[in-house]
Amino acid sequence: MTERGNKTNVSDTLLAELDVQLKEAEELTKLKKSAHGSTRSTADYSWLVSKPATSYQMNQMHRLELEQICYKINPEECGRVINRFRELITREPEPYELPEIFKAVLQSVMQERPKVETMKEKLAKSAYLASNPHRRTRIHPHNSEDTDESSIELP
(Lines give C-alpha, C1' and ligand atoms only; values in the text may rest on other atoms or scores of the structure.)
Protein backbone atom coordinates (compact mmCIF):
# COMPACT_ATOMS: atom_id res chain seq x y z
CA MET A 1 0.00 0.00 0.00
CA THR A 2 1.22 3.49 -0.72
CA GLU A 3 2.28 5.92 1.98
CA ARG A 4 -0.63 8.19 1.12
CA GLY A 5 -3.05 5.28 1.46
CA ASN A 6 -1.55 4.38 4.84
CA LYS A 7 -1.85 7.97 6.06
CA THR A 8 -5.47 8.11 4.91
CA ASN A 9 -6.28 4.82 6.65
CA VAL A 10 -4.67 5.99 9.87
CA SER A 11 -6.51 9.31 9.74
CA ASP A 12 -9.85 7.60 9.02
CA THR A 13 -9.30 5.09 11.84
CA LEU A 14 -8.43 7.76 14.39
CA LEU A 15 -11.34 10.01 13.44
CA ALA A 16 -13.73 7.03 13.51
CA GLU A 17 -12.51 6.30 17.06
CA LEU A 18 -13.26 9.90 18.04
CA ASP A 19 -16.74 9.69 16.48
CA VAL A 20 -17.54 6.46 18.33
CA GLN A 21 -16.36 7.89 21.63
CA LEU A 22 -18.41 11.07 21.03
CA LYS A 23 -21.56 8.98 20.49
CA GLU A 24 -20.89 6.92 23.61
CA ALA A 25 -20.29 10.06 25.67
CA GLU A 26 -23.58 11.54 24.42
CA GLU A 27 -25.48 8.37 25.33
CA LEU A 28 -23.89 8.32 28.76
CA THR A 29 -24.79 11.97 29.32
CA LYS A 30 -28.41 11.26 28.33
CA LEU A 31 -28.54 8.28 30.68
CA LYS A 32 -27.20 10.37 33.55
CA LYS A 33 -29.77 13.08 32.91
CA SER A 34 -32.63 10.62 32.70
CA ALA A 35 -31.48 8.82 35.87
CA HIS A 36 -31.21 12.14 37.68
CA GLY A 37 -34.68 13.16 36.53
CA SER A 38 -36.28 9.85 37.55
CA THR A 39 -35.40 10.35 41.21
CA ARG A 40 -37.97 13.12 41.55
CA SER A 41 -41.12 12.29 43.50
CA THR A 42 -43.42 14.56 41.49
CA ALA A 43 -45.19 13.81 38.23
CA ASP A 44 -43.08 14.21 35.11
CA TYR A 45 -44.78 15.83 32.15
CA SER A 46 -41.63 16.43 30.15
CA TRP A 47 -42.69 13.80 27.65
CA LEU A 48 -45.42 16.19 26.48
CA VAL A 49 -42.89 18.74 25.33
CA SER A 50 -41.41 17.87 21.98
CA LYS A 51 -37.76 18.84 22.04
CA PRO A 52 -35.40 17.92 19.27
CA ALA A 53 -32.69 15.55 20.37
CA THR A 54 -29.63 17.66 20.93
CA SER A 55 -26.32 16.11 20.15
CA TYR A 56 -22.85 17.56 20.17
CA GLN A 57 -21.71 18.72 16.74
CA MET A 58 -18.02 19.38 16.39
CA ASN A 59 -17.05 22.61 14.66
CA GLN A 60 -15.99 21.86 11.06
CA MET A 61 -12.80 23.91 11.37
CA HIS A 62 -11.88 21.97 14.50
CA ARG A 63 -12.55 18.69 12.68
CA LEU A 64 -10.36 19.75 9.74
CA GLU A 65 -7.59 20.65 12.16
CA LEU A 66 -7.85 17.21 13.77
CA GLU A 67 -7.81 15.57 10.33
CA GLN A 68 -4.59 17.38 9.47
CA ILE A 69 -2.97 16.28 12.73
CA CYS A 70 -4.19 12.69 12.25
CA TYR A 71 -2.61 12.67 8.80
CA LYS A 72 0.78 13.25 10.46
CA ILE A 73 0.44 10.15 12.67
CA ASN A 74 2.44 7.13 11.51
CA PRO A 75 0.66 3.76 11.18
CA GLU A 76 2.75 2.25 14.00
CA GLU A 77 1.58 5.05 16.33
CA CYS A 78 -2.13 4.55 15.67
CA GLY A 79 -2.66 1.93 18.38
CA ARG A 80 -0.79 4.01 20.95
CA VAL A 81 -3.01 7.02 20.19
CA ILE A 82 -6.21 5.00 20.56
CA ASN A 83 -5.07 3.34 23.80
CA ARG A 84 -4.05 6.63 25.41
CA PHE A 85 -7.25 8.32 24.32
CA ARG A 86 -9.34 5.51 25.81
CA GLU A 87 -7.36 5.66 29.05
CA LEU A 88 -7.93 9.40 29.37
CA ILE A 89 -11.66 9.21 28.80
CA THR A 90 -12.30 6.60 31.48
CA ARG A 91 -13.26 9.46 33.80
CA GLU A 92 -16.25 10.03 31.47
CA PRO A 93 -15.75 13.63 30.24
CA GLU A 94 -18.48 15.63 28.56
CA PRO A 95 -18.78 15.20 24.77
CA TYR A 96 -17.52 18.72 24.06
CA GLU A 97 -14.26 17.91 25.93
CA LEU A 98 -13.38 14.88 23.80
CA PRO A 99 -11.94 16.68 20.73
CA GLU A 100 -9.51 18.65 22.91
CA ILE A 101 -8.44 15.50 24.76
CA PHE A 102 -7.98 13.74 21.41
CA LYS A 103 -5.90 16.62 20.06
CA ALA A 104 -3.69 16.60 23.17
CA VAL A 105 -3.08 12.84 22.76
CA LEU A 106 -2.15 13.27 19.09
CA GLN A 107 0.29 16.05 19.89
CA SER A 108 1.90 14.16 22.77
CA VAL A 109 2.47 11.07 20.59
CA MET A 110 4.09 13.21 17.88
CA GLN A 111 6.33 14.92 20.45
CA GLU A 112 7.56 11.56 21.75
CA ARG A 113 9.02 10.61 18.40
CA PRO A 114 12.78 10.20 18.42
CA LYS A 115 14.54 13.19 17.00
CA VAL A 116 15.73 12.63 13.45
CA GLU A 117 19.30 13.74 13.06
CA THR A 118 19.81 15.96 10.02
CA MET A 119 22.78 15.60 7.72
CA LYS A 120 24.20 18.88 9.05
CA GLU A 121 24.04 17.57 12.64
CA LYS A 122 25.67 14.28 11.61
CA LEU A 123 28.53 16.08 9.90
CA ALA A 124 29.03 18.39 12.86
CA LYS A 125 29.11 15.43 15.24
CA SER A 126 31.61 13.49 13.13
CA ALA A 127 33.81 16.59 12.73
CA TYR A 128 33.76 17.09 16.49
CA LEU A 129 34.74 13.48 17.12
CA ALA A 130 37.51 13.71 14.52
CA SER A 131 38.90 16.88 16.09
CA ASN A 132 38.92 15.41 19.62
CA PRO A 133 40.86 12.14 19.44
CA HIS A 134 41.08 11.91 23.25
CA ARG A 135 37.33 11.68 23.50
CA ARG A 136 37.05 8.60 21.31
CA THR A 137 38.48 5.81 23.42
CA ARG A 138 38.71 5.37 27.15
CA ILE A 139 40.62 2.51 28.69
CA HIS A 140 39.61 1.29 32.14
CA PRO A 141 41.87 -1.46 33.53
CA HIS A 142 40.26 -3.90 35.93
CA ASN A 143 42.14 -5.02 39.04
CA SER A 144 40.26 -8.26 39.21
CA GLU A 145 41.84 -11.52 40.32
CA ASP A 146 39.94 -13.50 37.64
CA THR A 147 40.94 -11.51 34.55
CA ASP A 148 43.92 -9.56 33.40
CA GLU A 149 42.06 -7.95 30.48
CA SER A 150 41.38 -4.24 30.11
CA SER A 151 37.98 -2.78 29.47
CA ILE A 152 37.73 -0.46 26.49
CA GLU A 153 34.75 1.92 26.26
CA LEU A 154 33.79 3.55 22.96
CA PRO A 155 31.39 6.51 22.79
Side-chain angles (χ1 to χ4, degrees), residues 1-40 44 46-138 140 151-155:
M1 187 175 270
T2 65
E3 182 179 347
R4 186 174 188 178
N6 285 338
K7 297 279 187 184
T8 303
N9 286 342
V10 168
S11 179
D12 291 346
T13 301
L14 293 173
L15 291 171
E17 175 69 21
L18 176 61
D19 291 338
V20 166
Q21 296 300 337
L22 279 169
K23 287 178 184 175
E24 286 185 13
E26 286 176 6
E27 290 175 14
L28 189 61
T29 302
K30 287 178 186 177
L31 284 173
K32 285 180 183 178
K33 286 181 181 179
S34 68
H36 179 67
S38 66
T39 59
R40 289 187 265 161
D44 181 23
S46 63
W47 58 274
L48 290 172
V49 180
S50 62
K51 291 188 270 183
T54 58
S55 63
Y56 174 74
Q57 293 294 322
M58 191 182 345
N59 180 342
Q60 286 300 318
M61 292 304 290
H62 198 100
R63 184 163 182 92
L64 285 173
E65 180 184 10
L66 288 175
E67 280 183 33
Q68 289 174 347
I69 296 172
C70 287
Y71 199 75
K72 295 176 185 175
I73 298 293
N74 296 327
E76 59 273 5
E77 297 169 328
C78 187
R80 193 169 3 135
V81 169
I82 291 173
N83 286 337
R84 281 196 194 159
F85 182 58
R86 288 179 180 173
E87 286 172 7
L88 288 174
I89 62 173
T90 56
R91 64 173 179 81
E92 300 172 355
E94 292 295 321
Y96 64 88
E97 296 174 313
L98 291 179
E100 287 302 319
I101 294 171
F102 190 67
K103 182 179 176 181
V105 169
L106 292 170
Q107 290 173 337
S108 72
V109 167
M110 287 192 307
Q111 287 175 351
E112 290 173 1
R113 290 179 182 160
K115 183 182 175 191
V116 178
E117 206 172 30
T118 65
M119 184 57 91
K120 183 178 178 181
E121 291 170 338
K122 287 180 184 179
L123 289 172
K125 185 177 178 180
S126 63
Y128 175 74
L129 290 174
S131 67
N132 284 335
H134 301 290
R135 182 159 165 72
R136 285 191 204 159
T137 308
R138 294 184 184 136
H140 302 284
S151 172
I152 299 176
E153 180 183 313
L154 297 174

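How far CD of Glu17 is from CZ of Arg86: 4.0 Å, rounded to the nearest 0.5 Å. Atom CD1 of Ile101 and atom CD of Gln21 lie 10.5 Å apart (nearest 0.5 Å). To the nearest 0.5 Å, the span separating CZ on Phe85 from OG1 on Thr90 amounts to 11.0 Å. With rounding to the nearest 0.5 angstrom, the SG atom of Cys78 is 8.5 Å from the CD1 atom of Ile73. Atoms CD and CG, from Glu24 and Leu22 in turn, are 10.0 Å apart once rounded to the nearest 0.5 Å. To the nearest 0.5 Å, atoms CE (Met110) and SG (Cys70) are separated by 9.0 Å.
The two residues Leu88 and Arg91 come nearest to each other via the heavy atoms O-CG, 3.8 Å. Phe102 and Leu14 make their closest contact through CZ-O, 3.4 Å (heavy atoms, listed as atom of the first residue, atom of the second, distance). Between Lys7 and Lys72 the shortest heavy-atom distance is NZ-O, 4.0 Å. Contact between Val105 and Val81 at its shortest, heavy atoms only, is CG1-O, 3.6 Å. Residues Pro99 and Pro95 share a closest heavy-atom pair of CD-O, 3.5 Å. Nearest heavy-atom pair across Leu98 and Pro93 is CD2-CG, 3.6 Å.
The main-chain N or O of Ala25 is found under 3.5 Å from a side-chain atom of Thr29 such that the two form a donor-acceptor pair. Here the side chain of Asn74 pairs no donor or acceptor atom with the backbone of Glu76 at under 3.5 angstrom.
Inter-residue side-chain proximity for Arg63 and Asp19 is flagged as met; some heavy-atom pair is nearer than 4.5 Å. Glu77 has its side chain out of reach of Val10: every pair of non-hydrogen atoms, C-beta onward, lies at least 4.5 Å apart.
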